[in-house]
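Computed over heavy atoms, backbone and side chain alike; hydrogens, waters and symmetry mates excluded.
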Amino acid sequence: MTIPKKYAQDRVTLLILSINLVLLVLCVVSIVLKVTGDTNSVYVVQYRPNLGASRATLPGGTLDILAFPLFSLLIFVSHTILSIRSYAVQRHLANTILFMATILLAMSLIISNLLLVIK
């Protein structure tokens, strides 16, 4: 897969890619730093307030909470590849795909940090 020359020189596309990369690094670093090396730690991986006070939080292990950085990496890579492929068709479509990745990465960062705060 070759990257089109105009794609690598488009300022708006590079700006959105840079924002996505910063959000990816923030998400990965914030989660990895908060998660200790102890594999016996229990974290909240789901919060459902409609189930009642006793069942509102569902616990999970370290591997469950480490799915958030993996999800962020998957979003970044897949949306970047889709954007590169669609740039030849239409520039605005490629930028829209990247902007949707920005929204998903921001939501992933917010939700993962909120789940790590709940005890």
Q. Mind checking who shares a hydrophobic cluster with Met107, ILVMFWY linked at side-chain heavy-atom distances under 4.5 Å?
A. Phe99, Ile103
Q) Cluster partners of Ile110, using ILVMFWY side-chain heavy atoms under 4.5 angstrom, listed by chain and number? A)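 Ile110 shares its hydrophobic cluster with Leu114.
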Q. Can you name the residues that form a ring pair (Phe, Tyr, Trp, His ring centres under 6.0 Å) with Tyr7, not counting sequence neighbours?
A.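 For Tyr7 the ring pair (Phe, Tyr, Trp, His ring centres under 6.0 Å) partners, ignoring immediate neighbours, are Tyr87.
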All pairs passing salt bridge (Lys or Arg N to Asp or Glu O under 4.0 Å) where [range] contributes a residue, at least two apart:
| range | value |
| --- | --- |
| residues 19-33 | none |
| residues 85-98 | Asp10-Arg91 |
| residues 58-69 | none |

Q) For the atom pair CG (Leu63) and CG (Leu70), what is the distance rounded to the nearest 0.5 Å? A)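 That separation rounds to 11.0 Å.
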Q. What's the spacing between Thr96 OG1 and Gln90 CD if we round to 0.5 Å?
A.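 One finds 8.0 Å between OG1 of Thr96 and CD of Gln90.
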Q) Has Lys34 got more than 12 heavy atoms of other residues, nucleotides or ligands less than 6.0 Å from its NZ? A)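 Yes.
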Q) Applying the 4.5 Å side-chain criterion to the ILVMFWY set and letting contacts propagate, would Leu74 and Met100 be lumped into a single cluster? A) no
Q | Main-chain N/O of Phe76 paired to Thr80 side chain as donor or acceptor, under 3.5 Å | A |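 Yes; at least one donor-acceptor contact below 3.5 Å.
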Q.
Holding to side-chain contact (heavy atoms from CB on, under 4.5 Å), I want the full list of residues that pass it with Leu82, two or more places apart in sequence or in another chain.
A.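 With neighbours one apart ignored, the set is Ile97.
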Q.
Among residues at least two apart in sequence or on other chains, which ones pass side-chain contact (heavy atoms from CB on, under 4.5 Å) with Ser30?
A.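 side-chain contact (heavy atoms from CB on, under 4.5 Å) list for Ser30, sorted by chain: Leu109, Asn113.
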List the atom pairs, with distances to 0.1 Å, where a side-chain N or O of residues 17-29 and a protein N or O form a donor-acceptor pair under 3.5 Å, not counting sequence neighbours.
unit_1 : atom_1 : unit_2 : atom_2 : d
Ser18  : OG     : Leu14  : O      : 2.8
Asn20  : OD1    : Thr102 : N      : 3.4
Asn20  : OD1    : Thr102 : OG1    : 2.4
Asn20  : ND2    : Leu98  : O      : 3.2

Q.
According to side-chain hydrogen bond (donor to acceptor under 3.5 Å, both in side chains), who are the partners of Ser108, at least two apart in sequence or on a separate chain?
A.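 By the side-chain hydrogen bond (donor to acceptor under 3.5 Å, both in side chains) rule, Ser108 matches Ser72.
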**Q.** Asn95 versus Ile16, closest heavy-atom pair with distance
**A.** O-CD1, 4.0 Å
